[in-house]
Amino acid sequence: MNIISRIRVTIFGLVGPLLNFPKPFSFVGPDASLSLAREIVGLGVKRVMVITDGPVFKLGIVNPVIAELQKGGITVEVYSEIEPDPGYELVLKGVEQLNKFKADAVLAVGGGSSIDGAKSILLCQANNCHPSKLAGVWLYSAPRKRGLPFFAIPTTAGTGSEVTIAAVVSDKQLQIKHAIIDPKVVPSMVALDPKLMTGLPPFITAPTGMDALTHAVEAYISTIATDETDALARMATASILRNLPIAYAEGSNLEARERMAVASCMAGLAFTRAGVGYVHAIAHQLGGLYHVPHGLANAIVMPQILDLSKSHCAHRLADLARVSGIGNAGASETELADAFIAQIRKMNADMQIPQVVKELQRNDFDKIIDRAFAEAHGTYGVPRYMTRADATALLERLMPK
Ligand SMILES: NC(=O)c1ccc[n+]([C@@H]2O[C@H](COP(=O)([O-])OP(=O)(O)OC[C@H]3O[C@@H](n4cnc5c(N)ncnc54)[C@H](O)[C@@H]3O)[C@@H](O)[C@H]2O)c1
Ligand SMILES: [Fe+2]
């Protein structure tokens with residue numbers, strides 16, 4: 001089993017660098033969202049559907065962007081029904097609204113849920129299909145059509161969805177989160193506007209930031225990492241370790257917010273090629289079964305997986321420690337790897353992130369392990385394969401005390 005998985009991942013690793021993944025043109029800085037809106041106007045687009053979620057829409061974050069589009073003569077319709085971890089129903093409803101409105105472009109504004117919802121809506125509409133038909137890696141499916149012109153403005157600094165080839169969509173009935181992996185979902189242009197993130201409360205800033213860190217770390221320890229993903233993952237890690245505590249403690253700090261937005265993007269670019277790992281494979285199950293927010297699940301699971309994997313990637317974790325200024329000069333690789341993992345635990349504790357998953361139930365262990373292994377094995381370049389016993393012991397450590 002592990003040998004077949006390793007061969008499949010190795011093939012991914014060899015083929016991956018030959019594939020051309022689009023990278024969106026990015027506007028960065030305060031009011032970058034308005035620059036993007038003006039650029040959309042300049043394209044001659046006439047009807048834009050803005051896809052967002054209810055709370056973000058009610059906060060009014062989207063209003064200046066909509067006003068800028070309207071000022072340029074664009075008719076705007078808002079679909080604000082996206083919820084965390086959007087399911088098939090919301091996607092299908094969005095497709096219906098998109099068709100009715102006869103949009104000629106889509107702008108997603110929000111966290112990963114809004115951007116992924118928009119990505120799924122666009123791909124379903126273009127291919128006239130149910131979202132369940134799109135799950136998995138595009139290479140194994142029939143050729144697909146690209147959706148309408150697509151733009152995105154993230155309002156969390158976490159998922160990196162604005163630059164990735166992934167869209168996560170949930171099957172609420174089966175309680176499973178599926179990933180649609182397809183370069184056709186990448187937006188053409190994005191804006192990283194720290195002004196839209198200053199109102200993000202600390203309890204969302206912390207887990208979303210830890211999601212970005214998980215992307216960087218899992219990409220860096222991946223067996224299919226490349227020179228390019230390494231550079232991005234190292235920069236993202238160092239920046240998140242420095243700026244996330246500031247953004248958490250001082251939400252209105254525009255500089256820290258902007259650096260987190262850029263780091264989250266770099267981590268997204270890194271994992272879109274190098275993949276993620278067991279942290280995500282388990283976190284997705286905790287999200288699907290118990291609705292644990294994605295970043296929170298990653299933050300809780302990451303130190304446990306790193307403890308388990310470090311015998312096979314101590315040198316990589318040591319690199320991340322060095323680049324982030326952690327550990328003493330002259331420390332061994334193992335000591336540096338341990339210091340890096342300890343730093344992640346400290347950040348979690350400082351940001352009130354728990355060590356256990358309060359919803360976790362022992363009678364779900366088998367389901368979680370089966371699904372996590374099915375997701376990870378043969379897809380992710382994990383440095384050390386887990387046995388069932390490893391996974392069971394890990395879940396036991398995550399049980400509420
Ligand atoms: N496509 C990818 O590459 C990728 C990568 C990682 C995760 N994901 C997926 O993204 C989803 C999670 O996205 P997320 O972590 O960004 O959270 P989210 O989009 O679910 O948003 C979380 C909460 O934050 C609120 N919010 C967002 N921006 C805000 C702001 N500026 N001010 C105040 N409140 C704000 C939202 O209303 C929501 O209640 C999960 O479904 C996850 O699986 C996708
Ligand atoms: Fe993630």
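Note that ligands are numbered from 1 as they come in the structure, with each ligand's atoms numbered from 1 the same way. Below, each value reflects all heavy atoms present in this structure, side chains not excepted, and no hydrogens, waters or symmetry copies.
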Nearest 0.5 Å please: distance from the CG atom of Asn253 over to the OG1 atom of Thr198. 10.5 Å
Could you tell me if the side chain of [Y] sits less than 4.5 Å from the side chain of [X], heavy atoms only?
X      : Y      : answer
Phe27  : Met189 : yes
Asp319 : Val323 : no
Thr392 : Ile369 : yes
Tyr385 : Ser5   : yes

Could an N or O of ligand 1 be found under 3.5 Å from any N or O of [X], whether backbone or side chain?
X      : answer
Ser114 : no
Asp85  : yes
Ala166 : yes
Lys177 : yes
Pro86  : no

Using a heavy-atom cut-off of under 4.0 Å, does the side chain or the backbone of [X] touch ligand 1, or both, or neither?
X      : answer
Asp116 : side chain
Thr272 : neither
Ile204 : side chain
Ile115 : neither
Asp53  : side chain
Phe271 : side chain

Hey, are [X] and [Y] close enough for a salt bridge, meaning a charged N less than 4.0 Å from a carboxylate O?
X      : Y      : answer
Glu68  : Lys71  : yes
Arg259 : Glu255 : yes
Arg384 : Asp390 : yes
Lys177 : Asp171 : no
Arg316 : Asp230 : yes

How far is [atom] from its nearest protein heavy atom, and which residue and atom name does that atom have?
atom                    : answer
atom 30 (C) of ligand 1 : Leu200 CD1, 3.3 Å
atom 42 (C) of ligand 1 : His294 CG, 3.5 Å
atom 14 (P) of ligand 1 : Gly112 N, 3.5 Å
atom 15 (O) of ligand 1 : Thr208 CG2, 3.3 Å
atom 28 (N) of ligand 1 : Thr155 OG1, 2.7 Å

Using a 4.0 Å cutoff against the non-hydrogen atoms of [X], which atoms of ligand 1 qualify?
X      : answer
Ile61  : 30 (C), 31 (N), 32 (N)
Val168 : 43 (O), 44 (C)
Thr156 : 16 (O), 27 (C), 28 (N)
Leu196 : 31 (N)
Gly111 : 16 (O), 19 (O)
His215 : 5 (C), 6 (C)
Pro84  : 20 (O)
Val56  : 26 (N), 27 (C), 28 (N), 29 (C), 35 (C), 37 (O)

Closest heavy-atom pair and its distance - Met260, Gly209: CE-CA, 3.8 Å
Is the Phe271 ring parallel, tilted or perpendicular to the His215 ring (thresholds 30°, 60°)? tilted
With a 6.0 Å cut-off (strictly less than), is the heavy-atom count around NZ of Lys172, excluding the residue itself, greater than 12? yes
Donor-acceptor contact below 3.5 Å, side chain Thr159 vs main chain Ser161: yes
Protein non-hydrogen atoms only, distance under 4.0 Å: does atom 3 (O) of ligand 1 have such a neighbour? yes
Looking only at N, O or S atoms in His280, which is nearest to the Fe ion (ligand 2)? NE2
Shortest-distance N, O or S atom of Asp211 relative to the Fe ion (ligand 2): OD1
Determine, stepwise, if the pair Tyr278 / His377 fulfils ring pair (Phe, Tyr, Trp, His ring centres under 6.0 Å). CA-CA 9 Å; Tyr278 280 131; His377 293 169; 5.7 Å; yes
Taking the six-membered ring for Trp, are the ring centroids of Tyr380 and His280 within less than 6.0 Å of each other? no
Have a look at [options] and point out the one with the heavy atom closest to [atom].
atom                    : options                       : result
atom 12 (C) of ligand 1 : Ser170, Gly209, Ser113, Ser80 : Ser113
atom 33 (C) of ligand 1 : Val109, Thr159, Leu59         : Leu59
atom 39 (O) of ligand 1 : Pro55, Pro293, Pro207         : Pro55

Within 45 degrees of the ring normal and closer than 6.0 Å to the centroid, is that where the cationic atom of Arg47 sits relative to Phe101? yes
Show, in sequence, the C-alpha distance, side-chain angles and deciding distance for Met210 and Ile353, and conclude whether the side-chain contact (heavy atoms from CB on, under 4.5 Å) test is met. CA-CA 10 Å; Met210 291 309 277; Ile353 289 174; 3.9 Å; yes
With a 4.0 Å cut-off on heavy atoms, is Glu83 in contact with ligand 1? no
